[in-house]
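Take a look at the structure set out below.
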Amino acid sequence: MPPASTPVLARVCVFCGSSSGTDPRYAEAAAQMGSELARRGIGLVYGGGSVGLMGVVADAVLAAGGEVTGVIPGFLHRREVAHGGVDDLRVVGSMHDRKALMADLADAFVALPGGIGTFEELFEALTWTQLGVHDKPVALLDVGDFWAPVLALLDRAVDDGFLRRDVRASVIYATTPADVLEAFTRWQRPDVGKWIDLDPLPDASDTHTELL
Ligand code: AMP
């Protein structure tokens with residue numbers, strides 16, 4: 001692995017709740033994610049908000065002297081939920097523009113616990129990996145088994161022939177920010193055709209088992 005001073009990843013996009021959640025461990029994980037990014041010299045790309053876990057991640061990066069790029073649609077900016085301490089705040093026209101710009105700016109994505117907005121961003125990033133729209137890893141940072149139902153659903157989709165096993169295996173799962181960032185550096189994109197029916201589903205023994 002290269003030394004921490006020469007990151008393979010320039011910027012990582014964090015998806016997470018605009019609420020803080022009921023368990024204090026969520027905010028602790030968000031703060032750890034932010035400080036670990038800054039410690040490794042990796043910039044944060046995120047939704048530009050000051051609220052919930054989003055604000056916690058951004059605050060932690062800024063407190064550790066790291067770089068933060070916020071991407072926020074105008075209507076949220078006008079509602080004054082934008083983070084006032086983020087110098088590089090890009091105000092875009094729509095939620096779609098936001099996701100496109102976040103995906104362009106970042107080299108990898110990690111989802112922390114959150115709600116529908118987080119799920120939507122996570123699944124779009126995974127879809128783009130599946131389709132080869134981008135070659136960027138996507139990770140779940142778990143806290144208290146929050147992501148267990150999503151993992152179970154992905155497994156069900158594999159079992160029932162809706163999701164390729166190698167795409168499923170390409171989803172990084174970890175319980176610490178350091179493990180997420182290290183898994184990003186080892187990640188290899190799944191070699192997939194666009195559609196599930198183009199190739200036979202690979203044998204389970206052929207797929208990468210290290211990450212999931
Ligand atoms: P949710 O998980 O439903 O709280 O939504 C969080 C995700 O949606 C974040 O990753 C943001 O990109 C976006 N989002 C939702 N609410 C806000 C907000 N008030 N300010 C900025 N972004 C938000």
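The figures here come from the full heavy-atom set of this structure, side chains too, leaving out hydrogens, waters and symmetry mates. Position 1 is the first residue of the sequence; numbering continues from there. When a ligand or atom number is given, it counts from 1 through the structure's own listing order.
- Considering only non-hydrogen protein atoms, atom 12 (O) of ligand 1 sits nearest to Glu121 OE2, 2.5 Å.
- Polar contact with ligand 1: present for Arg98 (N/O pair, distance under 3.5 Å).
- Using 4.0 Å as the threshold, Arg79 has no heavy atom nearer than that to any atom of ligand 1.
- With no hydrogens or angles considered, no side-chain donor-acceptor pair links His134 and Asp104 at under 3.5 Å.
- A donor-acceptor pair is defined here as one N or O able to donate and one able to accept, closer than 3.5 Å; such a pair exists between the side chain of Asp142 and the backbone of Phe146.
- Leu153 and Val138 are not part of a single hydrophobic cluster, where members link through side-chain heavy atoms under 4.5 Å apart.
- Applying the 4.0 Å criterion to heavy atoms of Val51 picks out, from ligand 1, the atoms 19 (N).
- Here Leu76 has side-chain heavy atoms under 4.0 Å from ligand 1, and that is the only part of it that gets that close.
- Residue contacts with ligand 1: Gly115 is placed with a nitrogen or oxygen under 3.5 Å of a nitrogen or oxygen of the ligand (distance criterion only).
- Hydrophobic clustering keeps Val56 apart from Tyr26 (ILVMFWY residues linked when any side-chain heavy atoms are closer than 4.5 Å, directly or through intermediates).
- Under a 4.0 Å criterion applied to the non-hydrogen atoms of Gly47, ligand 1 contributes the atoms 12 (O), 21 (C), 22 (N).
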Derivation of the side chain to side chain contact (heavy atoms under 4.5 Å, CB included) call for Val14 and Leu37: CA-CA 10 Å; Val14 175; Leu37 286 171; 4.2 Å; yes
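- Among protein heavy atoms, the minimum distance from atom 17 (C) of ligand 1 is reached at Ser18 CB, 3.7 Å.
- Scanning the protein for heavy atoms near atom 20 (N) of ligand 1, the closest one is Val81 CG2, 3.6 Å.
- A donor-acceptor contact shorter than 3.5 Å links the side chain of Arg98 to the backbone of Gly47.
- When atom types are taken as modelled, the side chain of Trp187 and the backbone of Ser170 share a donor-acceptor pair closer than 3.5 angstrom.
- Salt bridge annotation for Arg39-Glu36: present, with a cationic side-chain nitrogen under 4.0 angstrom from a carboxylate oxygen.
- Here is the list of ligand 1 atoms found below 4.0 Å of a heavy atom in Gly17: 2 (O), 4 (O).
- Some N or O of Gly117 is nearer than 3.5 Å to an N or O of ligand 1, by distance alone.
- Short contacts between ligand 1 and Gly114, defined as distances under 4.0 Å to a heavy atom of the residue, involve ligand atoms 2 (O).
- In this structure Lys99 satisfies the salt bridge (Lys or Arg N to Asp or Glu O under 4.0 Å) test together with Glu120, Glu124, sequence neighbours excluded.
- In this structure, Cys16 has a heavy atom closer than 4.0 Å to ligand 1.
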